[in-house]
There are 2 protein chains.
Amino acid sequence: MDIQGLPGRLLADLGPAIASGEIPEGAVLRGEELEERFGVSRTVVREAVRILESMRMVESRRRVGITVQPKSDWDVFDPLVIRWRLAGADRPAQLRSLGSLRVAVEPAAAALAATHATDDDCRALSALAVELTVTARAADLETFLQHDIAFHATVLKASGNEMFAHLGDTVGAVLTGRTEYHLMPHQPESYAIRLHREVAEAICAGDPERAERAMRTIVTGALDELDKQLA
Amino acid sequence: MDIQGLPGRLLADLGPAIASGEIPEGAVLRGEELEERFGVSRTVVREAVRILESMRMVESRRRVGITVQPKSDWDVFDPLVIRWRLAGADRPAQLRSLGSLRVAVEPAAAALAATHATDDDCRALSALAVELTVTARAADLETFLQHDIAFHATVLKASGNEMFAHLGDTVGAVLTGRTEYHLMPHQPESYAIRLHREVAEAICAGDPERAERAMRTIVTGALDELDKQLA
DNA sequence: TCTCCCCAAAGGTATGACCTATTCAAGGGG
DNA sequence: CCCCTTGAATAGGTCATACCTTTGGGGAGA
């Protein structure tokens, strides 16, 4: 869990319920009702609601209650919101949105990384590229996924842009969700893996164009495959 | 203000203070101390702190207190965090980060808009492009800025991607911050304005490549100019 | 000097009281 | 008949207090 304590438990119940549409837009909750339903005190309810309010998922008004806001108002970049949406019925839509975001951001990050990466970044990328090749050949999907996540996170971090860097976890969630989605696909395609090596090489060689191009091929490929799965 | 009530007032004080480094990383606050300093009750302090915690700007631990987390942990996509950083000493760094993000996202959004824009979007874009031309010629910087913000927000929204759409306000903040930064530059360059019209035309004509190219020229130009200003 | 245990400090939770903004409806005037 | 005023009733907002729980640090004892 992310936020600890009783408010965290409340959030872990309410957040997914709202994100999945189980508690629909426009629904009104009363604080007292939540106190009873979860057997907690006002203090706890208020803190949880405040957090949901800071994500713009609900609005609390006097004499009215706690109203669920339309999805279009939610803070869609909040890591918790993303996680909740990926876990529920919104998963396909969320994967699509994130897919487009990746197409926009990751090539740019790769280009920046080619000029900003430290030696450590470069070493890490090269090592991960090798690991990807090995684990793919061994059809070890679990550790392959972990290395894939680490690879993309490292590129984002190496870009030197804090905002890109913070998308590392989100991209990780996407990759995890995607592999769960098509239920462990056949052996990862060797083409994609070659592209990862290409990205690593280009970044280490300080070639922004090549890094960007290779990364773009990776993420657009991923988005295309996603669209095929969801079609 | 964003969050209302007393917790909102607390946030409006603490957030900027932390974002600007006035309260440095690693600093420890005690809840009781905050109660006295702001003359509010425990309830209020806790709710404000909870929100800061959900942004990962602070961490609250028993027997220790409320610790300011390192900047690298902050939820840099949270609109409040962005606003606070833009308002304080971090402004140059924040503008740079956001500039790179714009370069990544806005061209992609323009391309998507070319295939997803509704007729209303198209009308709005065309109208805004005209307005930009007019207000630029009149050197009416204030309304020019408003239309510029609306233009970019409309493109992002027309992309059909909810995450892109939500960057509209952020981009608006960047544009505002930028014009404040170089203190009302001379008359907006007619070249940039022609590019805005080009974007609008390309989107309405359903030409993704042209829309993307024109938008990329706009945002990379903006980033270059920003770098010159900060150099 | 090292270890272990106990205590105090600080946040976490529960409750009861009271304040305040808002809504909705009843009643009076046009 | 309609509109405006006005007055509760309601639900959140804030405060004060009491007590629980975790945990870091210091002191006692080996």
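The chains referred to below are lettered A, B, ... by the order of the sequence lines, with proteins before strands, and numbering in each begins at 1. Bear in mind the structure is a predicted one, so any value in this text is a computation, not a measurement.
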Rounded to the nearest angstrom, tell me the gap between atom [atom1] in [X] and atom [atom2] in [N].
{"X": "A/Glu32", "N": "C/dG16", "atom1": "CD", "atom2": "P", "value": "12 Å"}
{"X": "A/Ile3", "N": "C/dG11", "atom1": "CD1", "atom2": "C1'", "value": "16 Å"}
{"X": "A/Phe38", "N": "C/dA14", "atom1": "CZ", "atom2": "C1'", "value": "18 Å"}
{"X": "B/Arg50", "N": "C/dG11", "atom1": "CZ", "atom2": "P", "value": "12 Å"}
{"X": "A/Glu35", "N": "C/dG16", "atom1": "CD", "atom2": "P", "value": "11 Å"}
{"X": "A/Glu53", "N": "D/dG13", "atom1": "CD", "atom2": "P", "value": "7 Å"}
{"X": "A/Arg30", "N": "C/dT22", "atom1": "CZ", "atom2": "C1'", "value": "16 Å"}
{"X": "B/Leu34", "N": "C/dA10", "atom1": "CG", "atom2": "P", "value": "13 Å"}

Using a distance-only test with no angle check, is there a side-chain donor-acceptor pair under 3.5 angstrom linking [X] and [Y]?
{"X": "A/Thr67", "Y": "A/Glu59", "answer": "no"}
{"X": "A/His152", "Y": "A/His147", "answer": "no"}
{"X": "B/Asp148", "Y": "B/His196", "answer": "yes"}

Nearest of [options] to any side-chain atom of [X]?
{"X": "A/Arg63", "options": "D/dT10, D/dG13, D/dA16", "answer": "D/dT10"}
{"X": "B/Ser60", "options": "C/dA14, C/dG12, D/dG12", "answer": "C/dG12"}
{"X": "B/Arg46", "options": "D/dC15, C/dG12, C/dA14", "answer": "C/dG12"}

Would you indicate, yes or no, if D/dT21 has its OP1 or OP2 atom less than 4.0 angstrom from a side-chain nitrogen or oxygen of B/Arg61?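 Looking at the OP1 and OP2 atoms of D/dT21, neither is under 4.0 Å from any side-chain N or O of B/Arg61.
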
Does the base of [N] carry an N or O that pairs as donor and acceptor with the side chain of [X] under 3.5 Å?
{"X": "B/Ser41", "N": "D/dA16", "value": "no"}
{"X": "B/Arg62", "N": "D/dT21", "value": "yes"}
{"X": "A/Arg42", "N": "D/dG13", "value": "no"}

Assign each of B/Ile66 and A/Val40 to its nearest nucleotide of DNA chain C by heavy atoms, then name whichever residue's nucleotide is nearer the 5' end.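 By nearest-heavy-atom nucleotide position, the 5'-most residue is B/Ile66.
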
Should the pair B/Phe77 and A/Phe77 be assigned to parallel (<30°), tilted (30 to 60°) or perpendicular (>60°) ring geometry?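 B/Phe77 vs A/Phe77 ring planes: parallel.
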
List the steps and the verdict of salt bridge (Lys or Arg N to Asp or Glu O under 4.0 Å) for B/Arg46 and B/Glu35. CA-CA 10 Å; B/Arg46 296 195 97 278; B/Glu35 291 174 31; over 6 Å; no

